[in-house]
Amino acid sequence: MSEQTEEKLAESMSETEEKKIEESVEPSTENNAEESTEESAEESVKVLSEKEAEAIFEAILFTMGDTVEISKLAEVAGLDLRAAKKILKKMEDRYKAEDRGIMLTQFDSAVQLCTKPETYEYLIKIAKNPKKIVLTDTVIETLSIIAYKQPVTRLDVENIRGVNCDHAINKLLEYDLITELGRLDAPGRPILFGTTEQFLRTFGVKSIEELPELSTVQMEEFKAQAEAEVKIRLD
């Protein structure tokens, strides 16, 4: 066999061996890459403990200041709605302790961190005094009709009371106890009114369904409670 032939044979064998080595290495590299990706994905999905979720809820509610939908809290923490509600209930119970100045208040499907009513006299010593309001009989009667008949139009309220309600409705809008819910699909498209979260907060109920049947005594109690607790947000 000539030297030239031997060299070509050696080169051919060398190339064959290199291909075999590459083929044996490439699948391993791909597998390692896939395993690395899977591990990264697993690491990115963090399962929160109950304490961690509670801390997140508290931070969000404190920062927002206003009500936050429970479904949103659950989504942020990667929890189902039932688990989120369970944690919020524990938080609510814990805040009820005498040594806590805040409380967790629920309104239908939302929650909010609030200061306890008994701390109000101390808060106003360092905060600007809120505007004092007075709910007259006319205003409280109008509010009651809207609360129990909502959504309701101004004309419906006036038909029940038998008098013009413009002033009372304007006052309730100013106090954020009622709000516009839309318009009735009727001639003139009159505005529909309903109560707000501020209304629920003021009268200490979580939803409209919790409102008691009206009586003269309860009306007076509602009036006194509202006058004492309703606070107007300052600019």
Side-chain angles (χ1 to χ4, degrees), residues 57-58 60-74 81 84-96 100-120 123 130-154 156-157 160 165 168-182 191-215 217-234:
F57 290 173
E58 187 175 55
I60 292 172
L61 293 170
F62 176 80
T63 304
M64 296 302 292
D66 210 339
T67 54
V68 179
E69 293 291 324
I70 297 176
S71 59
K72 290 290 184 183
L73 292 173
L81 197 59
K85 287 182 177 180
K86 182 180 178 182
I87 292 172
L88 289 168
K89 182 62 173 66
K90 288 185 177 180
M91 290 173 65
E92 182 181 357
D93 293 340
R94 192 149 45 246
Y95 288 137
K96 286 179 181 178
R100 305 301 294 269
I102 57 177
M103 63 183 184
L104 189 70
T105 307
Q106 296 196 38
F107 309 100
D108 288 333
S109 59
V111 290
Q112 181 180 18
L113 272 184
C114 307
T115 53
K116 288 184 176 178
E118 53 266 33
T119 65
Y120 178 64
L123 293 175
K131 182 179 177 182
K132 184 71 175 178
I133 73 162
V134 176
L135 295 179
T136 63
D137 290 340
T138 299
V139 173
I140 199 71
E141 287 171 10
T142 302
L143 176 59
S144 299
I145 293 169
I146 294 173
Y148 283 89
K149 298 290 184 180
Q150 63 182 304
V152 65
T153 66
R154 187 188 306 262
D156 291 332
V157 177
I160 294 172
C165 294
I169 287 178
N170 288 338
K171 280 295 180 184
L172 291 170
L173 287 169
E174 178 187 340
Y175 299 155
D176 192 30
L177 294 174
I178 65 170
T179 188
E180 296 180 7
L181 299 179
I191 297 172
L192 290 167
F193 295 99
T195 53
T196 62
E197 286 182 349
Q198 178 64 25
F199 168 82
L200 298 176
R201 189 180 300 110
T202 299
F203 293 103
V205 293
K206 294 181 179 180
S207 65
I208 297 301
E209 286 70 26
E210 290 187 9
L211 289 176
E213 293 184 7
L214 285 178
S215 68
V217 175
Q218 287 172 331
M219 284 285 286
E220 288 301 318
E221 289 178 353
F222 286 170
K223 179 181 175 182
Q225 184 179 5
E227 290 179 352
E229 294 183 9
V230 171
K231 303 172 183 66
I232 302 302
R233 293 179 182 175
L234 301 175

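Note that this is a predicted model, so its numbers are computed, not measured.
Note: Tyr175 OH to Thr202 OG1 = 12.0 Å, rounded to the nearest 0.5 Å. Atoms CG and CG, on Asp66 and Leu113 in that order, are 11.5 Å from each other to the nearest 0.5 Å. Rounded to the nearest 0.5 Å, atoms CZ (Phe57) and CG (Leu104) are 10.5 Å apart. Between atom CG of residue Leu143 and atom CZ of residue Phe193 there is a gap of 12.5 Å, rounded to the nearest 0.5 Å. Interatomic distance, CD1 of Ile178 versus CG of Leu192, reported as 11.5 Å (0.5 Å rounding). Between Leu172 atom CG and Phe199 atom CZ the span is 10.0 Å, to the nearest 0.5 Å.
Counting heavy atoms from C-beta outward, Leu177 and Thr195 have side chains that stay 4.5 Å or more apart. In this structure, the side chains of Ile160 and Lys149 come closer than 4.5 Å at one or more pairs of heavy atoms.
At distances below 3.5 Å, not a single donor-acceptor pair connects side-chain atoms of Thr138 with backbone N or O atoms of Ala168.
Around the NZ atom of Lys116, the shell of radius 6.0 Å holds more than 12 heavy atoms that belong to other residues, nucleotides or ligands.
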Practice task
Using the side chain to side chain contact (heavy atoms under 4.5 Å, CB included) rule, take Glu58 and Tyr95 through it: C-alpha gap first, then chi angles, then the decisive distance, then the call.
Solution key: CA-CA 11 Å; Glu58 187 175 55; Tyr95 288 137; 2.5 Å; yes

- Item | Criterion side chain to side chain contact (heavy atoms under 4.5 Å, CB included) on Ile87 and Lys90, from CA distance to verdict | CA-CA 5 Å; Ile87 292 172; Lys90 288 185 177 180; 5.8 Å; no

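Considering only residues two or more places apart in sequence or on other chains, Arg100 meets the salt bridge (Lys or Arg N to Asp or Glu O under 4.0 Å) condition with none of them. Listed by chain and residue number, nothing satisfies the side-chain hydrogen bond (donor to acceptor under 3.5 Å, both in side chains) test with Thr105 (two or more places apart in sequence, or in another chain).
In terms of heavy atoms, Pro151 sits closest to Leu181 at CB-CD1, 3.8 Å. The nearest pair of heavy atoms linking Glu197 to Ala110 is OE2-CB, 4.3 Å. Listed here is the closest heavy atom pair of Cys114 and Arg201: SG-NE, 4.4 Å. Between Cys165 and Arg154, the closest heavy-atom pair is O-NH1, 4.4 Å.
Ion pair Glu174/Lys171 flagged as a salt bridge, since at least one NZ, NE, NH1 or NH2 atom sits closer than 4.0 Å to an Asp/Glu carboxylate oxygen.
Side chains of Ser207 and Glu209: a donor-acceptor N/O pair is present below 3.5 angstrom, by distance only.
The residue from Lys206, Gln112, Glu92 that alone fulfils the side chain to side chain donor-acceptor pair (under 3.5 Å) condition with Gln106 is Glu92. Each of Ile145, Ile146, Ile140 was scored for a side-chain contact (heavy atoms from CB on, under 4.5 Å) with Thr142, with one residue passing: Ile146.
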